[in-house]
Amino acid sequence: MALKLRVDDKLIVRAREAAHRITGEVQGFIEQHTTTSTERAVVRLFGVEGKGLDDVPLPNLVVENIQDGGGLDKGASYWVCNAMARHSLSAQEVAQAVGHGKLDLIKVAQADEGRIRETAHLIAQETLDRITRNRQTRSGFINQWGERPAPWLYIIVATGNIYEDVIQAQNAARQGADVIAVIRSTAQSLLDYVPEGATTEGFAGTYATQENFRIMRRALDEVSEELGRYIRLTNYASGLCMPEIAALGAVERLDMMLSDSMYGILFRDINMKRTLVDQHFARMIQAQAGIIINTGEDNYLTTDDAYEAANTVLASQFINEQFAHRSGMTDELIGLGHAFEMDPRQEDGLLYEMADALLSRHCFPKAPLKYMPPTRHMTGNIFMGHIMDAMFNLTSVATNQHIHLIGVMTEAIHTPFLHDRALAIENARYVFGYARHFFEEFDLKKGGLIEKRANDVLQQSVDLLEHIEHVGLMTAIAEGTFGRVRRQPTGGKGLDGVVAKGPQHFNPFFDLILKGGAH
Amino acid sequence: MALKLRVDDKLIVRAREAAHRITGEVQGFIEQHTTTSTERAVVRLFGVEGKGLDDVPLPNLVVENIQDGGGLDKGASYWVCNAMARHSLSAQEVAQAVGHGKLDLIKVAQADEGRIRETAHLIAQETLDRITRNRQTRSGFINQWGERPAPWLYIIVATGNIYEDVIQAQNAARQGADVIAVIRSTAQSLLDYVPEGATTEGFAGTYATQENFRIMRRALDEVSEELGRYIRLTNYASGLCMPEIAALGAVERLDMMLSDSMYGILFRDINMKRTLVDQHFARMIQAQAGIIINTGEDNYLTTDDAYEAANTVLASQFINEQFAHRSGMTDELIGLGHAFEMDPRQEDGLLYEMADALLSRHCFPKAPLKYMPPTRHMTGNIFMGHIMDAMFNLTSVATNQHIHLIGVMTEAIHTPFLHDRALAIENARYVFGYARHFFEEFDLKKGGLIEKRANDVLQQSVDLLEHIEHVGLMTAIAEGTFGRVRRQPTGGKGLDGVVAKGPQHFNPFFDLILKGGAH
Amino acid sequence: MEPNWVKPYGDTTNDGAMQLSFTLPVKNGGVAREAAKRLCESMNLENVQIVHQKDLGGGYTFFVVYGRCTQAVDISDIHVPEVQAPSWDMHQVNTIAHEKLGRKITVVGACTGTDAHTVGLDAILNMKGFHGNYGLERYSEFTVHNLGSQVPNETLVAKAIEVNADAILVSQVVTQKNIHLSNLTQLVDLLEAEGLRDSIILIAGGPRITHELAVELGYDAGFGPGTVPSEVASYLLKELLGRKGIMI
Amino acid sequence: MEPNWVKPYGDTTNDGAMQLSFTLPVKNGGVAREAAKRLCESMNLENVQIVHQKDLGGGYTFFVVYGRCTQAVDISDIHVPEVQAPSWDMHQVNTIAHEKLGRKITVVGACTGTDAHTVGLDAILNMKGFHGNYGLERYSEFTVHNLGSQVPNETLVAKAIEVNADAILVSQVVTQKNIHLSNLTQLVDLLEAEGLRDSIILIAGGPRITHELAVELGYDAGFGPGTVPSEVASYLLKELLGRKGIMI
Ligand code: B12
Ligand code: B12
Ligand SMILES: Cc1ncc(COP(=O)(O)O)c(C=O)c1O
Ligand SMILES: Cc1ncc(COP(=O)(O)O)c(C=O)c1O
C-alpha cells in the first residue's frame with residue numbers, strides 16, 4: 001500500500017481523545033434519559049407488529065398508554081412485561097389489548113420486579129438470538145460467495161413503489177451493484193411513527209416499513225443466489241424513529257443503515273437531545289446485528305464549502321466514531337461519511353479531494369468509509385456531470401474507499417432513471433477497473449499539495465475539536481459549526497419525547513447487549 | 001517534477017543509436033534521389049502560384065515539362081533559373097509561359113551554370129527571408145502574449161467549407177483552443193497536385209490550398225488579437241505532395257504540420273521511396289520555418305493493439321526523430337505522435353497508458369509530443385466515450401504531454417458538431433485544471449506496474465530497433481512491423497515520381513539551409 | 001415582423017442535428033431497434049441513426065440516437081419577458097437606495113411547503129452570498145428576514161405583514177409531481193385573499209424557475225440557476241423606485 | 001396480433017422519459033430557451049424541461065432537455081428480419097463443412113469505394129480475428145481473399161469471378177453523405193448485370209450496417225458492431241448447405 005499519507009500521527013491521537021471527551025460529556029445526559037421512540041423500539045423488539053385503533057401502529061399506542069399514565073420513566077419493558085407476567089400473554093397480545101383500548105398497562109397490578117425483569121430478559125434473548133441468526137446467515141453467504149473488492153457500488157432506487165423498486169434493484173444488481181438503498185419517501189424522518197405494510201405510492205421514495213424491508217430482502221436474496229454474490233440492503237434510520245427502524249433492520253437482516261443523529265439535527269431540525277438519546281440505542285442494536293452504519297458528514301458539504309470546511313467533516317467523523325464506540329460498535333461497522341464536493345473550477349481540486357479522502361482513510365483505517373459523489377456542483381449539464389462522476393470514481397478507487405455511492409449524471413434533475421443508473425454503474429466499473437491498482441502504484445511527494453493539505457485539515461480539525469470540547473457539543477451545534485446550520489438544544493422536533501429515566505427504569509436489551517462490555 | 005520514470009537509460013542510448021543507423025542506411029538513398037513533388041516544391045518556393053492549361057497547377061506543368069524532356073535529374077531549379085536568366089523573366093513568368101505551352105524549358109539555350117546557381121540562390125534567399133520573417137512574426141506574438149501551459153488544446157474543424165471552418169475555428173479559440181487543425185478533404189493525400197483557391201465543398205474536410213491557408217491564418221490572427229493569445233494553425237503535409245504543402249505552410253505561417261512518410265506508406269499506400277525522399281525536403285523547409293511537425297505513430301494503435309504494440313510506437317518515434325534530425329530539425333520541433341488507445345476493459349489500463357505516455361516523455365524530453373485521444377474503442381455510447389476522454393485528459397496532464405488532441409465523444413459517429421467540440425473542450429479544461437499539478441504530486445512506486453511496463457516496452461523497442469537495423473527499414477515495413485500493415489518497397493502510389501539525381505542536380509534551398517549544418 | 005425560422009445546427013446551417021437517449025421496455029434486438037427508429041420518426045426526426053443500443057436487463061433496452069429534426073421554430077414570433085433591471089453592484093444599490101428611496105428595504109424569504117433546500121435562498125440572502133457576490137444581509141439598505149426551510153405559506157404571509165415587508169422571496173427546488181407549481185400558486189392566492197398582492201413585490205427563485213414561468217404564475221419576477229444577489233437587489237430597488245414614480 | 005404499444009421508460013411505465021441535446025443558432029437567453037421548448041413540443045414532447053443551456057459563442061446556444069414523449073409504437077406490428085444462423089464455433093464449422101459440404105468455402109472480402117477502414121473487415125477475415133474469436137483465414141475449410149481497402153466494385157467482382165467465390169464480403173465504414181448506400185447498391189447492380197447475384201452469397205458489414213438495411217439493399221445478410229468471425233462463418237456455412245438442400 002503506497003498512497004500513504006505522512007501526517008503527524010500525534011494530532012490524530014489528540015483529535016480522538018478530544019472526541020472521546022466531547023462525547024463523554026454528552027453521554028451522561030444520554031444515559032440518564034430515554035425516549036418514546038427508544039421505548040417503542042423495545043416494544044418492537046418484543047415482537048410487536050401491526051396497527052390498532054385509528055390505524056396507529058401498536059408500538060405507538062403501547063408507549064402512549066404508558067406515557068399518558070406517567071409511567072414511561074420506568075421504561076416500556078417494565079409495564080409490558082408486568083402485563084405479560086400478570087395475564088400470561090405474549091407481548092403481541094398485550095399490545096393488541098392496549099391498542100384496542102382493552103387494557104391500560106399502568107392499571108395492571110404490579111408483579112414482583114424480579115419476575116418482570118426475568119420475563120423481559122427471556123423474550124429479549126429470543127430476539128437477540130434471531131438477530132444473531134441473521135448475522136450468521138449473512139456471514140454464511142459471504143463465506144460461500146466471497147466479497148468483491150472495495151469500493152463497493154452502492155446504488156439507490158426511489159420509485160415510491162416497493163414492487164417497482166424490486167425490479168430496479170434486481171436489475172441494478174445484475175448491472176453490478178453491491179449495495180441497494182431504498183430511498184425513503186420525502187420527510188419520513190419527521191414522522192413520529194413507522195408506517196406499516198407494503199408501499200405502492202411514496203413521494204420520491206418508498207417508506208421504510210417492516211414489510212418493505214422483508215420484500216426487498218427476499219428479492220435481493222433471490223438475485224444474490226442468481227449472481228453468486230451477496231447483495232447488501234440498506235435503508236435510513238436517522239430521524240424521529242431511529243431506534244425503531246434500527247430494530248426492524250436488525251430483525252429483517254438489513255446490512256447497512258444510515259444512522260446519524262447529527263444529520264437529523266442539522267438537516268431535519270430534529271431536537272438534538274431526542275435524537276442523541278435515540279441514536280445510542282439504535283446503534284447498540286445495529287452493533288448486535290452486524291449492521292454497518294453510515295454517517296452523514298457528507299451533507300455538511302452541501303451547505304458549506306468543501307475546500308474550506310473539510311475540517312468540520314473530519315472533526316464530526318471523530319465524534320461519530322466515539323459515539324459509535326459508546327454504543328458498542330467495532331470499527332468495522334462504522335461507515336463514516338464524507339464526500340467529493342469541491343467546485344469543479346477549483347485548481348487542483350482532484351488533488352485536494354484525494355488529500356481529504358486519504359486523510360479520512362488514514363485516520364480511520366478499519367472503518368468502511370462511505371464516500372459520496374458530487375451533488376452540489378452538479379448541474380443540468382449531464383455531460384459535465386458524467387465526467388465529474390468519473391473523477392469521483394477515480395478518487396474513490398485511488399484512495400481505497402469502501403462504500404461508494406454511485407454518482408449519477410442527472411443528480412441535478414431527477415431521481416435516477418433506469419438508464420441513468422446503468423450509465424453510472426458503467427462509469428464506476430470502467431474507472432475502477434482502469435485504475436484498479438492506482439492506490440498501490442504511487443507515493444505521495446513529500447511536502448506536496450496533497451500532504452500539505454492533509455496536514456492543514458488535520459490541524460484545523462484538532463483545533464475545532466478542542467474548541468468543541470471547550471464549549472460543549474450542543475453549543476457548538478448552536479454556533480453553526482457543522483454545515484453552517486445553527487440548531488438550539490431546545491429547538492426542533494421531538495423534544496417532548498425525551499423522558500428522564502427513573503430509578504426503576506430498565507431495558508433488557510441494554511443489559512444483555514452491554515454484558516459483552518462496550519467502551 | 002516528480003512523475004519520473006526509473007528506466008535503464010542505457011537502453012535509450014542503444015535505441016537512439018540503432019535508429020540513427022537505421023535512418024543512415026536509408027539516408028543514402030534519399031540523398032541520391034529527388035521527386036516530382038520535391039521539385040514542384042522548389043518551384044513553389046520560387047513564388048510560382050496559379051493554374052495553367054486544363055486547370056493544372058503551374059508547378060505541375062513546369063515539372064512535367066522538365067520530366068517529359070528528360071531533364072529532371074538536374075532539378076527544376078536548373079531549368080527554371082536558366083530560363084529566368086536567359087529571358088530575364090521572373091519565376092512566375094517562366095512558369096506561366098510553360099503553363100500555357102509557350103515555352104519548353106528543356107529547349108532554352110543553357111546559360112553558364114554559375115549564373116544559373118546565382119540566380120537560384122538569389123530568389124531562394126528571398127523566400128527564405130520571407131520564411132524567417134514569418135518565424136519572427138510568430139515569436140513576436142508569443143513574446144507579447146506569452147504561452148499557455150501545456151497540454152495545448154488541439155482542435156479540428158472539418159466542415160468542408162473554409163468560410164464555415166473560420167466560424168468554427170474562431171469560436172473554438174474563444175472556447176479555449178490553442179491549436180486549430182483544418183482537416184483535409186478525404187483522400188487529398190493521394191492527389192499528386194495541390195489544389196488551388198478557396199474551398200467551399202470538401203468531403204469531410206477542406207482542401208489544403210495556399211488560399212485556404214491564408215484565409216485561416218488571417219482569421220486566427222484576428223481572434224488571437226481579440227483573445228490576447230497566439231492561436232496556432234496546423235494542417236496536413238503527409239501524402240504525395242508533402243514537400244509542396246510544407247512549402248506553402250512555411251510561406252503562409254502555419255505553426256505545425258502533420259508530416260510523416262510512415263503515415264503515407266502505411267495508411268495511404270504511398271510508395272515508401274517516394275515519400276521518404278519527399279519527407280526529407282519537406283522537413284528541411286519546416287525546420288527553417290520553425291514549424292512543429294507531428295508524426296503519426298498514434299495511427300498504429302488503430303490497426304494494432306495498444307497494449308501489445310506499444311514498442312512499435314516507441315521504436316518508430318526513435319526513427320522519426322533521427323529522420324527529423326537529418327533534415328536539420330531541432331528537438332523542439334519534433335512533435336512525435338502517440339495515443340491513448342487501450343481497451344477500456346483492460347484492468348489497470350490507466351496505469352499502462354500512463355506508463356507509455358511517460359516513457360515517450362522520458363525518451364524525448366524536449367520534444368513537443370503530440371498525444372491522441374481514444375478513437376478505436378470509442379463507440380456510439382457517447383456517455384462512455386466522454387469519460388474515456390476524461391481519463392485521456394487526465395493522463396495527458398498527469399504525464400505532461402504537449403500537444404493534446406481533444407477527444408470528442410462522437411468520435412465513432414461523425415466529425416464534430418459545434419457542441420461536441422464545446423463539450424470536449426469543457427472536459428479537457430475541467431480535468432487539466434482539476435489535476436493541474438498531478439505530475440508534480442506523485443512518485444512512482446519502485447517496481448510497480450508503471451515502472452515495470454515502461455521498462456518492458458523500452459526493452460522490446462530496443463529489440464525491435466535492432467531487428468529493423470538488421471533487416472533494413474524497408475524490409476521491416478514489408479514485414480508488417482508497424483500497425484500490422486505490410487507495404488512493399490516497389491508497391492504503392494507515386495514511385496514513378498522518383499528520379500535519381502544527376503551529377504548536375506542542385507536545389508538552392510538545400511545549399512542555403514544546410515549551410516547552418518545538419519548531419 | 002419577418003418570420004425567422006430556425007432549426008438545430010450541427011455543422012451545417014439547418015441540418016437539424018439532434019441527439020436523443022431513452023429506454024424502451026423492449027428486449028434488446030432488431031425489434032427494439034426498429035421500435036426506437038419508428039418512435040423517433042413519429043417525433044419528426046429523419047435520417048434516424050441508432051448509434052448505440054444496450055441491454056439493461058429485465059427486457060429493457062437503452063438507446064442513443066442521432067437524427068435530423070424536420071421542424072423549425074419562428075423566433076420572430078417569440079416574446080419572452082425578461083427581468084428588467086440595471087446591473088448595479090452592492091455599493092451602487094446602497095447609494096441609490098439611500099439617496100432616492102430614502103428608507104430601508106425590508107424583505108422576507110423562505111423555502112415554502114415541504115421544501116428543505118435552503119442553499120439557493122441562502123446564496124441570495126446570507127452575508128456570504130454567492131460566487132463572491134455578497135448576499136442581501138450585507139447590504140446596509142436592506143433588512144432581511146430569512147425564515148429558512150419548510151415554511152408554510154401562511155406563516156410566510158403572516159411574517160410579511162408583521163414586518164411590513166416590501167418584498168417576499170420564495171425558493172422552490174423540489175419539482176417532483178410539480179409540487180413547486182402548487183406551492184407557488186397557493187401563495188399568490190393567499191396574498192390576493194389578504195388584499196396584499198399589489199402592495200408587495202413577489203419573487204420566486206430556484207433551479208427550474210424562469211422569469212416567464214414566474215410571471216405566468218402571477219409573480220413579479222423569477223430567478224433561475226446562477227442568479228447572484230446583486231441582480232435581485234438591483235431589480236428590487238428599481239421596482240420600488242418605479243412604483244414611487246422614480247425612473248432610473 | 002394484439003397491438004402492443006410501447007413508450008419510453010424512465011422510472012414509471014409509460015412515463016415517456018427522453019433526453020435530448022442540440023444547438024440552436026439563437027443568442028443565449030430567454031428567446032433561445034423558448035425556441036428550444038417550442039421545438040421540442042413540435043416533436044411531440046410534453047413537460048419539456050430545459051435543464052441546461054450554454055452560450056457557444058457566435059450566436060449559438062447549446063441545450064440539454066428532458067421531456068415526456070407523447071407518442072407510442074406498436075411493436076406487434078414490427079417484423080424485422082434477423083440473421084438466421086446457428087452459433088457454431090470454429091471447430092464445429094470446420095467439422096460440419098468437411099462432413100456435409102465436402103469442399104472448401106471461398107470468400108472474397110474488401111472495403112469498397114474510397115473507404116480505407118480495414119480494421120472491421122480484418123477483424124472478420126484475418127487469422128487474429130476479434131475478441132479472441134479467430135478470423136476466417138484460420139478456418140481450415142475456408143479460403144480467404146482479402147483485397148484490403150479502397151477497392152473499386154469492379155475489381156471486387158472480377159476477383160470473385162476469378163476465384164469462383166462462394167461469397168463476397170463488403171465492409172463500409174464511412175457513411176458521410178450516405179456514400180455507403182451508393183457503394184453498396186452499385187455492387188448489387190454490377191452483380192446483377194453479370195448475372196451473378198443469385199449464385200453468390202452477398203454480405204455487408206460495418207458500424208452502421210444492420211441486417212434489415214442489408215436485406216433492403218439486396219444483400220443476403222448484414223452484420224453490425226460487435227460481430228465475431230464465427231457468426232459469419234456459421235451463417236455462410238448454413239446458407240451454403242441450405243442452397244444445396246441440406247438443412248441443419
Ligand atoms: C444540497 C441538496 C440537498 C440537501 C439540502 C440542504 C439544504 N439545507 O439546502 C439535503 C441533503 C438535505 C437534501 C435533501 C433532499 N433532497 Co436534495 N438536493 C441537494 C442538491 C445536491 C443541491 C441543491 C443545491 O444546494 N444547489 C445549489 C444552489 C446554490 O442552487 P439553486 O438552489 O439552484 O439556487 C440558485 C438559483 O436557483 C437561485 N435561487 C434559488 N432559490 C432562490 C430564491 C430566490 C428568491 C431567488 C431570487 C433566487 C433563488 O439562486 C441560487 C443561486 O444562484 C440537489 C442536486 C443539485 N445538484 O441540484 C438535490 C435535489 C434538489 N434534491 C432532491 C431531493 C429529491 C431531495 C429529497 C426530497 C430526497 C429524499 N427523498 O429524501 C430530500 C428532502 C429535501 C426536502 N424535503 O426538500 C432532488 C429534487 C428532484 C426534483 N427535481 O424534484 C435533487 C435535484 C437531487 C435528485 N436528483 O434527486 N438535498
Ligand atoms: C481506425 C480509424 C481510421 C484509420 C483506419 C485504418 C484502417 N486501416 O482501417 C485511419 C486513421 C486511416 C482513418 C482515416 C480516416 N477516417 Co477513420 N476512423 C477510424 C476509427 C477510429 C476506428 C474504426 C475502427 O477501426 N473500428 C473498429 C472495428 C473493429 O469496428 P467496425 O469497423 O465497426 O467493425 C466491426 C463491425 O462493424 C463488423 N464489420 C465491419 N466490416 C465488416 C465487414 C463484414 C463483411 C462483416 C461480416 C462484418 C464487418 O465487424 C467488425 C468487428 O465486430 C473510427 C472511429 C470509431 N471509433 O469508429 C474513425 C472513423 C470511421 N473515420 C472517419 C473518417 C471521416 C476518416 C477519414 C475520412 C478522415 C479524413 N477526412 O481524412 C479518413 C479517411 C479514410 C478513408 N478514406 O476511408 C469517420 C467516419 C465518419 C462517418 N460516419 O462517415 C470516423 C467515424 C471518425 C469520425 N468521427 O470522424 N480512420
Ligand atoms: C446520515 C443520513 N441519514 C438519513 C438520510 C436521509 O434521510 P431522509 O429520509 O430524512 O431524507 C441521509 C441522507 O442524506 C443521511 O445522510
Ligand atoms: C502523420 C499524419 N499525416 C496525415 C494525416 C491525415 O492524412 P489524410 O489527409 O490523408 O487523412 C494523419 C491523420 O491521422 C497523420 O497522422
Side-chain angles (χ1 to χ4, degrees), chain A residues 1-4 342-355 377 381-395 397-398 409 419-420 422-424 426-453, chain B residues 1-4 342-355 377 381-395 397-398 409 419-420 422-424 426-453:
Chain A
M1 296 223 285
L3 256 198
K4 201 151 169 48
M342 277 183 212
D343 192 327
R345 284 159 300 195
Q346 171 96 42
E347 181 161 273
D348 284 316
L350 183 68
L351 303 178
Y352 299 130
E353 289 287 8
M354 282 197 183
H377 293 286
N381 183 350
I382 54 176
F383 300 103
M384 179 68 184
H386 208 46
I387 59 177
M388 286 165 63
D389 284 334
M391 290 298 127
F392 162 67
N393 291 334
L394 179 70
T395 305
V397 69
M409 62 182 184
H419 48 263
D420 295 340
L423 291 170
E426 179 178 76
N427 187 334
R429 296 186 71 165
Y430 161 57
V431 175
F432 288 0
Y434 221 55
R436 179 61 72 198
H437 294 96
F438 188 108
F439 188 61
E440 294 169 19
E441 197 52 33
F442 295 100
D443 291 310
L444 295 176
K445 191 180 149 189
K446 248 202 158 92
L449 287 175
I450 294 183
E451 206 175 288
K452 202 174 153 327
R453 161 84 182 170
Chain B
M1 298 223 285
L3 255 198
K4 200 152 168 49
M342 275 183 214
D343 192 324
R345 283 158 302 197
Q346 171 94 43
E347 183 162 90
D348 285 318
L350 183 69
L351 303 179
Y352 299 129
E353 289 286 8
M354 283 197 182
H377 293 287
N381 183 350
I382 53 175
F383 300 103
M384 179 67 184
H386 208 46
I387 57 177
M388 286 166 62
D389 284 333
M391 290 298 127
F392 161 67
N393 292 334
L394 178 71
T395 306
V397 69
M409 63 181 182
H419 47 263
D420 295 340
L423 291 170
E426 178 178 77
N427 186 335
R429 295 186 71 164
Y430 162 56
V431 175
F432 287 1
Y434 221 53
R436 179 60 71 197
H437 294 97
F438 188 107
F439 188 61
E440 294 169 19
E441 198 53 31
F442 296 101
D443 291 310
L444 295 175
K445 193 180 149 191
K446 247 201 160 92
L449 287 174
I450 294 183
E451 206 174 289
K452 202 173 154 327
R453 161 85 182 168

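Reminder, nothing fancy here: chain letters follow the sequence lines and each chain counts from 1. Values below: every heavy atom of this structure, side chains too, minus hydrogens, waters and symmetry copies.
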Enumerate donor-acceptor pairs with a distance under 3.5 Å from any side-chain N or O in residues 384-395 of chain B to protein atoms, sequence neighbours excluded.
residue: B:D389; atom: OD2; partner: B:V408; partner atom: N; Å: 3.3
residue: B:N393; atom: OD1; partner: B:H404; partner atom: NE2; Å: 2.7
residue: B:N393; atom: ND2; partner: B:D389; partner atom: O; Å: 3.2
residue: B:N393; atom: ND2; partner: B:N427; partner atom: OD1; Å: 2.8
residue: B:T395; atom: OG1; partner: B:M391; partner atom: O; Å: 2.8

Q.
With a 4.5 Å cut-off on side-chain heavy atoms, are A:E426 and B:N381 touching?
A. yes

Q. What is the distance from atom CE of A:M354 to atom CZ of A:F439, rounded to the nearest 0.5 Å?
A. 11.0 Å

Q. Under a 4.5 Å heavy-atom cutoff, which of A:R429, A:K446, A:M409 has the most pairs with chain B?
A. A:M409

Q. Which region of B:L423, side chain (C-beta onward) or backbone (N, CA, C, O), has a non-hydrogen atom less than 4.5 Å from a non-hydrogen atom of chain A, or is it both or neither?
A. side chain

Q: Under 4.5 Å heavy-atom distance to chain B, tell me which part of A:E451 shows up: side chain, backbone, both or neither.
A: backbone

Q: Determine the minimum heavy-atom distance between A:L351 and A:L449, stating which atoms define it.
A: CD1-CD1, 3.9 Å

Q.
Checking B:R345 now: which residues fulfil salt bridge (Lys or Arg N to Asp or Glu O under 4.0 Å) with it, not counting sequence neighbours?
A. B:D343

**Q.** Region of B:M342 in contact with chain A, defined by heavy-atom distances below 4.5 Å
**A.** both

Q. Counting heavy-atom pairs under 4.5 Å to chain A, which of B:F432, B:Y434, B:F438 comes out on top?
A. B:Y434

Q.
With chain A as the partner, which of B:G433, B:G349, B:A435 has the greatest number of non-hydrogen pairs under 4.5 Å?
A. B:G349

